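Quick notes on the structure that follows.
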There are 2 protein chains.
Amino acid sequence: MTIKDVAAKAGVSVATVSRVMNASGTVNPETEKLVQSVIDELEYSPNGIASSLKTDRTHIIGYVVTDIRNTVFTFLMAAIQNVLWEYNYSMMLFSTNGDPDKEASILRFISMQKIDGAILNSCTNTQSIIQLNKKIPVVLTGNDISDPNFIGDFVDSDNHAASYMLTSNLLSNGHRKIGIINGPNNLVVSRERFRGYQDAMAVLGMTINIDNPLVYEGSFDVSSGYLAAKKMLSSASMRPTALLVTNNEMMKGVLKYCSEQQIKIPDDLSVVTIGNRHELDYLYISPTYMETNLEEMGERLARLILERIETKKRLPKRIFKLPAFFHDGNTVKPLTPIEANTIIS
Amino acid sequence: MTIKDVAAKAGVSVATVSRVMNASGTVNPETEKLVQSVIDELEYSPNGIASSLKTDRTHIIGYVVTDIRNTVFTFLMAAIQNVLWEYNYSMMLFSTNGDPDKEASILRFISMQKIDGAILNSCTNTQSIIQLNKKIPVVLTGNDISDPNFIGDFVDSDNHAASYMLTSNLLSNGHRKIGIINGPNNLVVSRERFRGYQDAMAVLGMTINIDNPLVYEGSFDVSSGYLAAKKMLSSASMRPTALLVTNNEMMKGVLKYCSEQQIKIPDDLSVVTIGNRHELDYLYISPTYMETNLEEMGERLARLILERIETKKRLPKRIFKLPAFFHDGNTVKPLTPIEANTIIS
DNA sequence: TTGTACGCGTTATCAT
DNA sequence: ATGATAACGCGTACAA
């Protein structure tokens with residue numbers, strides 16, 4: 001069932017059928033009606049592949065993440081999908097599993113599949129990204145690359161502000177021994193969240209470097225949150241009075257450990273986190289957290305990539321930091337002056 | 001950078017280059033080496049679109065779900081992806097958001113995109129599925145369709161057995177007033193889970209129909225679990241002593257409600273569920289549950305669709321019910337004979 | 001307004 | 001072993 005069949009049956013040329021299908025060029029209303037009826041009758045649908053070969057457009061964008069099971073990615077993905085669907089684009093999904101080699105081959109694969117554009121979430125292979133970006137528009141989130149050869153956009157929430165604010169909140173509640181359970185340091189998102197924490201601590205004169213025992217580098221997944229908690233909380237006397245856990249997933253792991261070890265929140269430990277409202281509002285506890293608006297981020301990412309695809313211009317790089325919002329919960333215990341003093345000493 | 005450029009630079013014909021790229025036909029080792037070097041030098045990568053047009057193969061499979069944010073789908077997706085990647089296939093992802101119209105247009109879209117095959121998760125539009133299946137191989141999960149015109153496979157865990165076993169467990173612990181929070185009745189997965197519960201209750205002479213107040217039809221997501229709990233548990237005197245919650249997501253909603261209302265598990269309420277180990281083992285509580293092995297299911301789905309694609313035969317329909325495994329937790333309180341009697345009366 | 005014909009980048013058939 | 005060439009199904013410049 002091709003365009004030829006339709007043309008033959010309608011007694012017109014393939015050009016006319018094509019014009020009717022794409023509403024392009026001029027076509028007599030009567031012939032249009034005729035052609036349309038044949039199209040309906042034969043249930044003709046054009047071959048997208050052939051059309052792509054001709055127009056050099058697939059109407060597909062690629063979304064690359066490190067692990068599909070991470071809810072941050074899935075919520076982002078859902079938001080992206082909504083926009084894409086609206087504009088008649090569809091999504092091809094790839095997961096690197098955190099493997100740099102796999103990431104490289106995925107990016108290579110994307111460039112030969114003639115996908116129209118790509119959204120890369122937490123990709124780290126700078127050279128591969130630049131290589132891909134030479135052929136198609138690319139926007140980034142989670143990790144940015146500073147190489148001037150990269151001409152694309154970067155979108156993320158204001159991670160520095162988010163952890164700065166949460167850390168300040170803990171400090172103003174009297175906490176001083178504040179730990180951070182963070183993501184991989186090779187991602188901008190992690191480094192920003194660490195810096196926010198670091199800067200807030202510095203205000204009270206505390207200098208915390210990356211090798212401080214209060215700092216844990218996890219991998220943004222549930223099990224690393226669990227392991228981090230195990231490491232940092234096992235000794236009741238040494239442990240921090242508060243923890244900044246920098247994403248949803250690791251937060252679940254921390255809560256699991258606390259529950260197993262009968263560590264009461266907030267009585268024995270205060271906890272704050274950064275994440276997604278839809279996840280955090282359904283925990284058994286109401287955490288104090290900074291909300292990253294994943295709907296907005298996903299929508300922004302999708303609109304940016306579509307803009308770059310449609311206006312074929314190589315627009316200069318743009319960077320967006322979306323605001324995060326404070327949610328007050330009941331996971332922070334204000335320390336009395338005595339407690340605070342004890343701990344400071 | 002096309003195959004022509006490579007041919008020209010290597011001083012051979014496009015046919016030879018094609019043979020080298022695809023390791024097809026015969027080619028002199030020396031010319032092969034030469035051609036390969038030119039390919040490397042020019043960093044030539046073939047145009048997948050053109051190749052698809054010729055071979056009628058895209059090496060893409062479509063995965064359709066109702067809501068990407070549901071972890072059941074994401075875990076399944078991850079498993080499917082692993083297999084696809086191994087066989088050099090990639091995945092296009094679609095989300096119906098539970099909208100029948102959107103489902104129909106997605107399935108239509110898939111058939112014109114010349115995707116090689118489709119995995120449909122909880123799709124309900126029988127006619128659209130059959131229509132799609134006329135053109136490409138299709139395998140189903142979550143919801144099956146009984147129409148003989150559908151020639152594909154169905155894979156799911158043994159849902160009847162899972163809820164039968166959990167209900168029996170509650171019964172043998174003395175519970176009688178057992179509620180079920182279930183998914184949409186238009187899905188086979190929900191109906192099977194309900195039947196398992198129903199059959200187990202029937203063993204003790206209790207006939208429970210779908211309109212019984214002990215039965216709640218939710219939508220397999222967190223908020224419907226929350227709402228269900230709210231409805232079923234609000235009156236302390238009337239409420240069931242135990243609940244069978246038929247998936248992960250709704251379980252989170254139930255736990256949230258219980259936590260808010262200070263309903264202690266298992267003291268005030270026993271709870272059992274069906275779901276994914278990776279999720280359930282990281283709750284703050286250790287639930288008694290039946291594990292559905294999503295890795296195995298996903299892998300099976302992927303292999304089945306690939307099999308149907310590669311052996312172009314229209315194999316007869318096959319149905320797979322994968323076993324679920326019992327995990328004993330601490331969310332079921334054994335009722336003393338007195339308590340049990342009180343409740344029965 | 002409509003039709004003819006070429007080309008998109010491959011693969012595959014058939015000669016050589 | 002290799003090369004010339006015809007498809008694959010569509011869009012579109014150009015001609016009519």
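First the proteins, then the strands, lettered A, B, ... as listed; each starts at 1. This structure is a prediction, so every number in the text was calculated from the model and none was measured.
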Q: Please collect all side chain to side chain donor-acceptor pair (under 3.5 Å) contacts where either partner lies in residues 126-142 of chain A, sequence neighbours excluded, each pair once.
A: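 As it turns out, the side chain to side chain donor-acceptor pair (under 3.5 Å) pairs with a partner in residues 126-142 of chain A, which skip direct neighbours, are A/Asn125-A/Ser128.
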
Q. Quick one, which residues of residues 30-43 of chain B touch DNA chain C with a heavy atom under 4.0 Å?
A.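 Under 4.0 Å from DNA chain C: no residue of residues 30-43 of chain B.
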
Q) For nucleotides 10-16 of chain D, read 5' to 3', which letter fits each nucleotide if B means a protein heavy atom sits under 4.0 Å from the base, S means only the sugar-phosphate is that close, and - means neither? A) BBB----

Q: Tell me, please, which residues at least two apart from A/Phe73 pass ring pair (Phe, Tyr, Trp, His ring centres under 6.0 Å).
A: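 Once residues adjacent in sequence are excluded, A/Phe73 has no partner under the ring pair (Phe, Tyr, Trp, His ring centres under 6.0 Å) criterion.
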
Q) chain A on DNA chain C: first and last contacting nucleotide, 5' to 3', under 4.0 Å to a heavy atom? A) C/dT1 to C/dG9

How long is the straight-line distance from [atom2] of [Y] back to [atom1] of [X], given to the nearest 0.5 Å?
X	Y	atom1	atom2	result
B/Glu103	B/Thr66	CD	OG1	9.5 Å
A/Ile305	A/Leu84	CD1	CG	9.5 Å
A/Asp5	A/Leu42	CG	CG	7.5 Å

Which heavy-atom pair separates [X] from [Y] by the least distance, and what is that distance?
X	Y	answer
A/Val38	A/Ala10	CG2-CB, 3.8 Å
B/Ala118	B/Leu132	CB-CD2, 4.1 Å
A/Thr58	A/Asp116	N-OD1, 3.0 Å

Q. Which pairs, with at least one residue in residues 46-59 of chain B and sequence neighbours excluded, count as a salt bridge (Lys or Arg N to Asp or Glu O under 4.0 Å)?
A.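 Checked against salt bridge (Lys or Arg N to Asp or Glu O under 4.0 Å) - neighbours excluded - no pair reaches residues 46-59 of chain B.
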
Q.
Nearest whole Å is fine: how far is D/dA6 C1' from B/Leu53 CG?
A. 13 Å

Q: Let me know which of B/Lys317, B/Lys321, B/Arg318 forms a salt bridge (charged side-chain N to carboxylate O under 4.0 Å, His left out) with B/Asp144.
A: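 Between B/Asp144 and the candidates, salt bridge (charged side-chain N to carboxylate O under 4.0 Å, His left out) is satisfied uniquely by B/Lys317.
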
